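So the structure is just underneath, and the comments pick up after that.
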Amino acid sequence: MKVFSAIDQTHMAQALRLAERGLYTTQPNPRVGCVIAHGGDVVGEGWHQCAGEPHAEVFALREAGERARGATAYVTLEPCAHQGRTPPCADALIAAGVRRVVIASDDPFPQVNGRGIDKLRAAGITVETGLMREAARELNIGFFSRIERHRPFVRVKLAMSLDGRTALANGESKWITGEAARADVQRWRARSSAILSGSGTVLADNPRFTVRLPDEAEFTPPWRVLLDRHLRTPEESHVLDGSVPTLLLHEPSASCADDRFDRVERIAIATAQGGLDLRAVLALLAGRGCNELHVEAGPTLCGALFAAGLVDELLLYVAPVLLGDGARPLLHLPNLTAMASRWQLETIDRCAMGDDTRLLLRPRVPA
């Protein structure tokens, strides 16, 4: 196994920090950062800022200029080797005369997938890979999911009381959590490609499912995806306002004679197990470039995703309140007959959000 120096570690850590600046803006592209240095002396930095615009290596090379010759480039993802909306980054690194390229993670995208590395080595450049690989993959967990598993990374957001309830029996749920937790949700929405919900949530709460961040924050608005099997969504629903791209998925036999859905895209999806085929839904979204799917829905849809093994992460906000036995549950899940069959989750992160607690959990057996 290659042992990287302390200088290598420092520069790649900075490249990852640069990549994170594109957390809200690069969809559907991955978040990538680049540092160009001679030893400990950094001569260029850059990150991919927006799909269709130059990649991280190009920004770093522009800043470095002639100082890139003979330098080492630290890149969080394998440089591309194909002509897309921008020229190949591997070619740019070769033309600049860099001596060495250190790459955190290979790129599984079919048009790259080792070709960038091969092109650099064929040009006589030393290429070393694997430095901080897991951190680079974590930053682009949705991109890797879409390319390798052909479905987005599914993150389910839920908020509950200490007794595991999400709303009163009459449906009232505003607000279980405080302002800090609700503001935090906006950041998770902003990093996602799409927000998924069901018609039951729309009928109960009439949400907008838009992102509300401080005015100076830049982000690519996630699309809205609504599962409405029987086309029940009423005309006055905010999700039909056309303010952001919206997909409305329904069963093939559903029809509508009015113009309620003129400002959204309707797509028929096959049914399975009494509802829309959730695997087909995820495949459709992946085909449209969805990396991270943020789910805000009721206990039926969220429970169905869990039961089908399609949840990759649970973003759970716990408020220090009690709602009582009659209140609505967190999830509708199949009844278990043995404790060994229970759903086991691993705590990835735990932090305070005002008076509330945010838990980030993942299934112990990966979906």
Side-chain angles (χ1 to χ4, degrees), residues 1-26 29-107 109 111-140 143 216-218:
M1 179 182 294
K2 167 68 180 177
V3 177
F4 292 96
S5 70
I7 288 176
D8 291 337
Q9 301 273 352
T10 297
H11 291 326
M12 187 61 79
Q14 173 61 6
L16 285 165
R17 286 191 290 270
L18 290 166
E20 195 170 2
R21 296 189 187 183
L23 190 67
Y24 303 150
T25 59
T26 65
N29 290 356
R31 300 129 183 170
V32 183
C34 178
V35 170
I36 297 174
H38 289 274
D41 182 20
V42 174
V43 296
E45 293 185 341
W47 70 95
H48 181 45
Q49 299 174 17
C50 186
E53 295 185 2
H55 291 181
E57 299 94 322
V58 174
F59 284 114
L61 288 170
R62 285 178 183 174
E63 184 175 296
E66 284 300 315
R67 294 176 297 172
R69 190 162 301 279
T72 296
Y74 298 85
V75 192
T76 60
L77 192 67
E78 178 182 357
C80 62
H82 67 291
Q83 176 70 50
R85 286 194 279 181
T86 58
C89 291
D91 289 355
L93 290 166
I94 293 168
V98 301
R99 177 184 59 83
R100 175 175 174 246
V101 177
V102 179
I103 299 168
S105 174
D106 55 321
D107 185 345
F109 188 67
Q111 291 177 283
V112 183
N113 199 14
R115 295 180 186 178
I117 293 172
D118 290 344
K119 181 176 281 193
L120 292 169
R121 285 177 172 159
I125 296 173
T126 300
V127 179
E128 295 166 347
T129 65
L131 176 58
M132 300 185 180
R133 181 176 184 271
E134 291 309 312
R137 287 183 62 90
E138 182 69 27
L139 183 61
N140 286 300
F143 173 77
E216 66 275 10
E218 294 185 10

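These numbers come from a predicted model, not from an experiment. The first residue of the sequence shown is numbered 1, and numbering continues consecutively from there.
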Could you please spell out the steps behind the side chain to side chain contact (heavy atoms under 4.5 Å, CB included) verdict for Val32 and His55? CA-CA 8 Å; Val32 183; His55 291 181; over 6 Å; no
Can you see which heavy atom on [X] is nearest to which on [Y], and at what distance?
X      : Y     : result
Glu57  : Cys89 : OE1-SG, 3.5 Å
Asp8   : Tyr74 : OD1-OH, 2.6 Å
Cys34  : Ala15 : N-CB, 4.2 Å
Leu139 : Ala19 : CD2-CB, 3.5 Å
Ala37  : Ala71 : O-CB, 3.4 Å
Ala73  : Leu93 : CB-CD2, 4.0 Å

Listed by chain and number, what are the side chain to side chain donor-acceptor pair (under 3.5 Å) partners of [X], not counting sequence neighbours?
X      : answer
Arg137 : Glu148
Asp106 : none
His11  : none

How would you list all residue pairs meeting salt bridge (Lys or Arg N to Asp or Glu O under 4.0 Å) that involve residues 64-73, not counting sequence neighbours?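 Matches after skipping sequence neighbours: none remain.
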Which residue pairs satisfy the salt bridge (Lys or Arg N to Asp or Glu O under 4.0 Å) criterion with at least one member in residues 9-24, sequence neighbours excluded?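 Of all non-adjacent pairs touching residues 9-24, none passes salt bridge (Lys or Arg N to Asp or Glu O under 4.0 Å).
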Using modelled atom types only, decide if a donor and an acceptor are shared between the side chain of His48 and the backbone of Pro54 within a distance under 3.5 Å.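 Present.
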Is Thr76 reaching over with its side chain to a backbone N or O of Gly33, donor-acceptor style, under 3.5 angstrom?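 Judged by distance alone, yes, a pair lies under 3.5 Å.
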Starting at [atom1] of [X], measure out to [atom2] of [Y] and round the result to the nearest 0.5 Å.
X      : Y      : atom1 : atom2 : result
Thr10  : Phe4   : OG1   : CZ    : 13.5 Å
Thr72  : Ile7   : OG1   : CD1   : 9.5 Å
Leu23  : Asn140 : CG    : CG    : 9.5 Å
Arg115 : Cys80  : CZ    : SG    : 12.5 Å
Glu78  : Asn113 : CD    : CG    : 7.0 Å

For Tyr24, which residues count as a side-chain contact (heavy atoms from CB on, under 4.5 Å) partner, sequence neighbours excluded?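 Tyr24 satisfies side-chain contact (heavy atoms from CB on, under 4.5 Å) with Arg187, Ala190, Arg191, Leu213, Phe219 only.
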Those residues that, when tested against Glu45, pass side-chain contact (heavy atoms from CB on, under 4.5 Å) (two or more places apart):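 Here the qualifying residues are Gln14, Leu18, Val35, Val42, Glu63.
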Going by the rule salt bridge (charged side-chain N to carboxylate O under 4.0 Å, His left out), which residues pair with Glu138 if we only count those two or more places apart in sequence or in a different chain?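 Once residues adjacent in sequence are excluded, the partners of Glu138 under the salt bridge (charged side-chain N to carboxylate O under 4.0 Å, His left out) criterion are Arg362.
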With Arg99 via salt bridge (charged side-chain N to carboxylate O under 4.0 Å, His left out) - residues at least two apart: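 Salt bridge (charged side-chain N to carboxylate O under 4.0 Å, His left out) check on Arg99 returns nothing, list empty.
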Decide if atom CD of Glu218 counts as having more than 12 heavy atoms of other residues, nucleotides or ligands within a radius under 6.0 Å.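 Not more than 12 within 6.0 Å, no.
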Show your working on side chain to side chain contact (heavy atoms under 4.5 Å, CB included) between Asp107 and Phe143 and close with a plain yes or no. CA-CA 10 Å; Asp107 185 345; Phe143 173 77; 3.5 Å; yes
Sole candidate of Ile117, Val112, Ile103 that passes side-chain contact (heavy atoms from CB on, under 4.5 Å) when paired with Pro79: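 Filter result, single survivor: Ile103.
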Mind checking whether Phe59 and Gln49 have side chains closer than 4.5 Å, heavy atoms only?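 Touching, per the 4.5 Å side-chain cut-off.
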Enumerate, atom names and distances included, each donor-acceptor pair closer than 3.5 Å involving a side-chain atom of residues 120-127, sequence neighbours excluded.
residue: Arg121; atom: NH2; partner: Val127; partner atom: O; Å: 3.1

